[in-house]
Trainee: 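Before anything else, here's the structure in question.
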Amino acid sequence: MRITGRTKLLGVIGYPIEHSLSPIMHNAALLEMGLEYVYLPFRIAPETLEAAVSGFAAIALQGFNITIPHKQAIVPFLTSVTDVAAAIGSVNTVWRTEVGWSGTNTDVIGFLAPLQALQKDWRSTRAVILGNGGAARAVVAGCSQLGCADIQVVGRNPEKVNAFLQSWNGSPFAENLQVRSWDALPDLLSDADLIVNTTPIGMTPQIDQSPLTSTDVQQLKKGAIAYDLIYVPNPTLFLQQARSQGCMTIDGLEMLIGQGAAALEIWTERAVPVETMRQSLRQHLGL
Ligand code: NAP
């Protein structure tokens with residue numbers, strides 16, 4: 001990559017940020033697109049977020065991604081957010097406008113990308129979502145956009161799961177949403193067509209863990225889709241279990257690529273080389 005006096009800046013903020021794969025895929029895509037941009041990681045502690053955002057305005061950063069722990073905290077520093085970001089309650093992509101920073105959440109687009117590629121009619125799909133954290137919110141919005149008949153969110157903490165349900169009150173994204181406790185899982189799985197793991201269970205270094213017990217696994221329907229948001233390891237134990245039951249599997253790399261491609265399209269207003277992004281990540285991860 002050639003840096004010149006005309007090079008424009010993009011980036012990602014998080015704390016920590018060292019693990020982020022976004023610089024790999026964005027810089028590969030920018031190079032392929034022949035654009036004079038560079039995408040950098042910025043380690044921003046929570047107490048310096050406001051100063052960092054002012055600094056980004058001062059140095060004319062074109063836009064940035066946001067990861068943990070700033071996805072909600074960034075909102076007060078933006079002049080507008082999209083409806084989908086407001087519904088999910090978090091922002092992962094920000095771009096510069098004449099009047100300030102605007103934000104959206106491209107995780108829904110990323111989550112949906114590999115599902116929409118299947119060109120299925122989702123209207124009879126029963127979705128089960130494991131976990132009720134930040135990523136689960138994008139998954140609920142995504143399943144709702146697909147038109148799933150039934151969206152069941154399963155969580156381990158009754159108070160948190162109920163608060164999750166309440167937080168969607170009146171939202172058009174949550175018409176078919178219900179929440180359940182973890183012990184309802186075997187019953188739910190025997191009917192589920194789409195099972196999404198949004199918990200960190202099974203992520204490196206806990207690669208021998210799965211959100212499903214061996215009894216749960218027996219309930220999985222042949223032909224159901226098992227989708228893990230985790231991208232390292234690849235595949236996770238959950239996806240290996242699902243494959244052994246005849247399920248179709250989707251790993252978290254596709255969501256990562258999809259949310260990144262949608263962000264890059266916003267910043268550059270150009271078609272994005274998604275395959276280059278995919279290959280750069282697969283090569284980096286040794287897949
Ligand atoms: P988060 O906000 O911390 O939510 C994690 C959820 O998992 C919480 O509901 C938590 O339950 C639940 N959980 C954690 N450990 C559990 C356990 N042992 N048993 C049952 N439930 C458990 O995190 P997040 O931001 O949503 O991220 C979740 C995962 O998605 C991470 O692995 C992340 O890397 C991945 N992700 C991937 C992408 C992608 O592009 N592929 C995008 C976003 C996130 P409590 O609420 O009870 O604590």
Side-chain angles (χ1 to χ4, degrees), residues 12 14-22 24-26 65-74 84-85 88-93 104-115 128-142 152-168 179-185 188 195-213 216 226-239 249-264 274 277-278 281-282 285 287:
V12 54
Y15 191 76
I17 197 61
E18 292 75 9
H19 65 284
S20 176
L21 298 179
S22 293
I24 303 271
M25 65 173 172
H26 281 291
N65 285 130
I66 298 106
T67 186
I68 292 169
H70 303 309
K71 284 185 168 192
Q72 281 103 33
I74 191 76
V84 72
I88 297 171
S90 73
V91 165
N92 78 336
T93 302
T104 191
N105 194 311
T106 63
D107 280 341
V108 182
I109 299 175
F111 168 69
L112 287 177
L115 295 173
V128 172
I129 300 168
L130 309 174
N132 49 272
R137 302 190 70 82
V139 173
V140 165
Q152 303 273 354
V153 169
V154 180
R156 62 177 171 178
N157 179 322
E159 279 173 26
K160 284 192 186 175
V161 189
N162 283 324
F164 183 90
L165 183 63
Q166 296 306 320
S167 72
W168 290 94
V179 295
R180 304 293 291 272
S181 63
W182 208 268
D183 52 19
L185 204 49
L188 292 174
I195 306 103
V196 187
N197 177 34
T198 77
T199 77
I201 307 170
M203 190 160 75
T204 298
Q206 274 90 35
I207 61 169
D208 56 351
Q209 293 184 8
S210 163
L212 302 189
T213 64
D216 295 336
Y227 192 152
D228 203 334
L229 300 201
I230 295 171
Y231 41 86
V232 183
N234 194 315
T236 55
L237 179 55
F238 166 56
L239 293 188
T249 59
I250 301 174
D251 63 61
L253 214 51
E254 287 305 311
M255 175 168 171
L256 183 71
I257 296 161
Q259 62 78 30
L264 196 54
V274 177
M277 298 174 90
R278 182 177 292 114
L281 288 181
R282 294 191 72 83
L285 294 170
L287 297 173

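For the single chain, residues carry numbers from 1 onward in sequence order. Counting starts at 1 for both ligands and their atoms, following the listed order.
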Trainee: Of all the heavy-atom pairs spanning Phe238 and Tyr227, show the shortest one and how long it is.
Mentor: CE2-O, 3.7 Å
Trainee: Distance-only check: which donor-acceptor pairs under 3.5 Å involve side-chain atoms of residues 252-264, not counting sequence neighbours?
Mentor:
unit_1 : atom_1 : unit_2 : atom_2 : d
Glu254 : OE1    : Arg278 : NH2    : 2.8
Glu254 : OE2    : Arg278 : NE     : 3.0
Gln259 : OE1    : Asn92  : ND2    : 3.3
Gln259 : NE2    : Leu256 : O      : 2.9

Trainee: Quick one: does Thr198's side chain have a donor or acceptor within less than 3.5 Å of a partner on Leu130's backbone?
Mentor: yes
Trainee: Answer yes if the side chains of Ser167 and Arg137 hold a donor-acceptor pair under 3.5 Å, and no otherwise.
Mentor: yes
Trainee: Considering residues at least two apart in sequence or located in another chain, which fulfil the side chain to side chain donor-acceptor pair (under 3.5 Å) criterion with Thr67?
Mentor: none
Trainee: As a test of reading the model: which N/O atoms of the protein lie under 3.5 Å from N/O atoms of ligand 1, and at what distance?
Mentor:
unit_1   : atom_1 : unit_2 : atom_2 : d
ligand 1 : 2 (O)  : Gly134 : N      : 2.9
ligand 1 : 9 (O)  : Asn132 : N      : 2.9
ligand 1 : 9 (O)  : Gly133 : N      : 3.1
ligand 1 : 11 (O) : Arg156 : NE     : 3.4
ligand 1 : 26 (O) : Gly134 : N      : 3.2
ligand 1 : 26 (O) : Ala135 : N      : 2.7
ligand 1 : 40 (O) : Leu256 : N      : 3.3
ligand 1 : 41 (N) : Leu229 : O      : 2.9
ligand 1 : 41 (N) : Gly252 : O      : 2.9
ligand 1 : 46 (O) : Asn132 : ND2    : 3.2
ligand 1 : 47 (O) : Arg156 : NE     : 3.0
ligand 1 : 48 (O) : Arg156 : NH2    : 3.1
ligand 1 : 48 (O) : Lys160 : NZ     : 3.0

Trainee: Quick one: list whatever passes ring-ring contact (aromatic ring centres under 6.0 Å, His included) with His70, sequence neighbours left out.
Mentor: none
